[in-house]
Amino acid sequence: MSQQAHRPEAYRREALGIAFAFICLAIVGVMPIISDSRPAGSDALSFALLMSFWQLVCSLPLVWRKGQAADVILGRVRTTVPRGWMHVVTLGTGMMFGLSTYVFVLSVDKAGEVSTAIALQAYPLFSTLWEVLFLGKRKSWLELVFTLLMILALVYLATNGTFRIAGLSLWFLVALATPLLWSVAHVALKEVLDRSAITPAQVTFSRLLVSTCFLFVLWLSSGGGQAGLRDVLSPRFQELALLLGAIYYLELLTWFHAVRHVDVSVASSITIPAPALTMLIGAAFMHVPVRSYQVAAMGVIVVGMYGLLYAGKRKRVAAGRIPAVS
């Protein structure tokens with residue numbers, strides 16, 4: 001009887017987690033479109049700065065009421081990590097996230113919405129690389145096959161569907177820096193998260209605080225105080241930065257809630273088709289051209305990512321860490 005009573009609750013939690021993951025899918029799919037809608041010729045760094053600032057503003061309500069913001073700023077979070085190292089990781093990863101925001105905005109402008117959306121899907125490849133190099137995790141032959149498949153698809157996309165060096169798109173390589181920076185920052189943060197009493201809201205707040213300060217210094221040092229001031233004061237520019245900053249912060253919170261109710265692999269599998277959504281929205285409403293090689297590369301990457309999820313689950317079943325039938 002107790003098991004029967006438990007099942008509906010489990011189903012509700014799973015359904016809720018899946019619903020949150022679909023919200024993440026929608027947000028990730030539309031973000032490149034919003035970024036590319038900023039006024040033509042406007043400064044990418046100014047937009048990234050404003051976007052981070054509005055994310056920071058949106059993060060305040062969750063951490064201000066309980067004094068969590070002050071705990072982060074004053075270093076009062078309980079942790080077994082040496083304080084000095086914790087501050088280094090916080091500053092370093094915050095700067096990485098800030099730089100990745102700028103690279104994302106710049107890539108959408110230079111490489112295009114579709115190519116940037118597909119480039120973001122390289123995140124699992126970089127995460128796999130760091131796991132092998134720094135955590136000593138061995139990969140199965142099936143995981144290596146799907147990883148190689150995704151790498152080939154990215155090379156195909158980077159060379160504009162030719163596999164020739166002459167067709168290499170340097171801006172697509174720049175777009176790959178965003179998932180690269182994400183993966184490095186997440187690996188660096190893992191130890192702090194595992195050994196601290198810091199909450200997801202506090203992690204997000206500290207990340208955005210450092211990112212915004214870093215981008216502001218970068219903006220001033222690059223002459224943004226003069227060249228970018230016109231963009232910053234533009235109502236249209238502000239509206240889009242606020243919109244993108246707000247929905248990006250919503251995506252971060254939604255993702256945390258999704259993985260509280262379902263496995264990360266389940267939530268990840270739902271968000272994989274985000275580039276397809278970007279293609280559809282861009283083609284239907286923004287008249288963004290979609291190339292056949294982009295569609296082909298995206299299809300192979302989707303197959304590769306689902307394959308990696310399957311291969312990872314198969315390895316865990318073989319190791320006895322999860323049951324064969326769930």
Side-chain angles (χ1 to χ4, degrees), residues 21-44 46-48 50-51 54-55 100-123 150 153-162 167-179 182 231 234 236-252 254-255 268-306:
F22 270 107
I23 294 174
C24 289
L25 167 64
I27 294 175
V28 173
V30 79
M31 279 177 57
I33 303 296
I34 297 174
S35 179
D36 196 51
S37 299
R38 61 189 174 86
S42 57
D43 182 51
S46 299
F47 191 75
L50 274 179
M51 175 182 162
W54 287 119
Q55 279 184 273
S100 70
T101 301
Y102 172 47
V103 172
F104 168 77
V105 174
L106 187 63
S107 301
V108 169
D109 185 30
K110 301 296 185 179
E113 304 98 313
V114 175
S115 292
T116 301
I118 297 175
L120 296 182
Q121 302 304 309
Y123 174 82
M150 291 181 66
L154 288 171
V155 172
Y156 181 66
L157 184 63
T159 56
N160 294 320
T162 65
L168 183 65
S169 171
L170 295 179
W171 282 115
F172 179 77
L173 296 182
V174 172
L176 289 174
T178 295
W182 285 350
D231 294 327
S234 166
R236 174 66 175 170
F237 197 80
Q238 284 279 0
E239 289 169 3
L240 289 172
L242 171 58
L243 175 61
L244 190 54
I247 68 167
Y248 192 7
Y249 180 68
L250 177 62
E251 191 274 335
L252 294 175
T254 304
W255 178 255
S268 299
S269 67
I270 292 173
T271 61
I272 287 173
L277 183 60
T278 303
M279 284 185 181
L280 290 174
I281 297 174
F285 300 103
M286 307 293 291
H287 304 292
V288 175
V290 178
R291 313 299 182 188
S292 58
Y293 69 85
Q294 292 176 323
V295 176
M298 188 202 67
V300 173
I301 289 172
V302 167
V303 171
M305 291 189 71
Y306 279 121

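Just so you know, residue 1 is the first one in the sequence shown, and it goes up from there. Only this structure's heavy atoms are used, side chains among them; waters, hydrogens and symmetry mates stay out.
When all heavy atoms of A297 and Y156 are compared, the pair lying nearest together is CB-CD2, 4.2 Å. Nearest heavy atoms, T178 versus V103: OG1-CG1, 3.4 Å. Contact between G29 and I33 at its shortest, heavy atoms only, is O-CG1, 4.2 Å. Nearest heavy-atom pair, P179 versus A119, reported as atom, atom and distance to 0.1 Å: CG-O, 3.4 Å. Pairing each heavy atom of I270 with each of L25, the nearest pair is O-CD2, 3.6 Å. Shown here for S107 and A175, the closest heavy-atom pair between the two residues is OG-CA, 3.2 Å.
Between the CG atom in L250 and the CD1 atom in I23 there is a gap of 7.0 Å [rounded to 0.5 Å]. In this structure, CG on L252 lies 9.0 Å from CD1 on I27, to the nearest 0.5 angstrom. One finds the CZ atom of F237 at 6.5 Å from the CG atom of D43 (value rounded to the nearest 0.5 Å). To the nearest 0.5 Å, atoms CZ (R38) and CG (D109) are separated by 4.5 Å. To the nearest 0.5 Å, the span separating OG1 on T116 from CD on Q121 amounts to 12.0 Å. Between the CG atom of L244 and the CG atom of L50 there is a distance of 11.0 Å, given to the nearest 0.5 Å.
Panel note: side chain S100, backbone W182; no donor-acceptor pair is recorded below 3.5 Å. In this structure, the side chain of S169 does not engage the main chain of A158 through any donor-acceptor pair within 3.5 Å. Not a single donor-acceptor pair under 3.5 Å links the side chain of S115 to the backbone N or O of G112.
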Quick one, I281 with E113, criterion side-chain contact (heavy atoms from CB on, under 4.5 Å). Give me CA distance, side-chain angles, the key distance, then yes/no.
CA-CA 10 Å; I281 297 174; E113 304 98 313; over 6 Å; no
Going through the distances and angles, do F47 and S35 end up as a side-chain contact (heavy atoms from CB on, under 4.5 Å)?
CA-CA 9 Å; F47 191 75; S35 179; 4.2 Å; yes
Output, in order, the C-alpha distance, side-chain angles, deciding distance and verdict of side-chain contact (heavy atoms from CB on, under 4.5 Å) for T271 and W255.
CA-CA 10 Å; T271 61; W255 178 255; 4.1 Å; yes
Evaluation steps, side-chain contact (heavy atoms from CB on, under 4.5 Å), between K110 and V174:
CA-CA 9 Å; K110 301 296 185 179; V174 172; over 6 Å; no
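You'll find the side chain of L106 reaches within 4.5 Å of the side chain of W171, heavy atoms only. Side-chain contact between Y293 and T159 is absent, with no heavy-atom pair separated by less than 4.5 Å. Side chains of L154 and I301 form a contact here, defined as non-hydrogen atoms less than 4.5 Å apart. Contact annotation: the side chain of M286 never approaches that of D36 to less than 4.5 Å [non-hydrogen atoms, C-beta and beyond].
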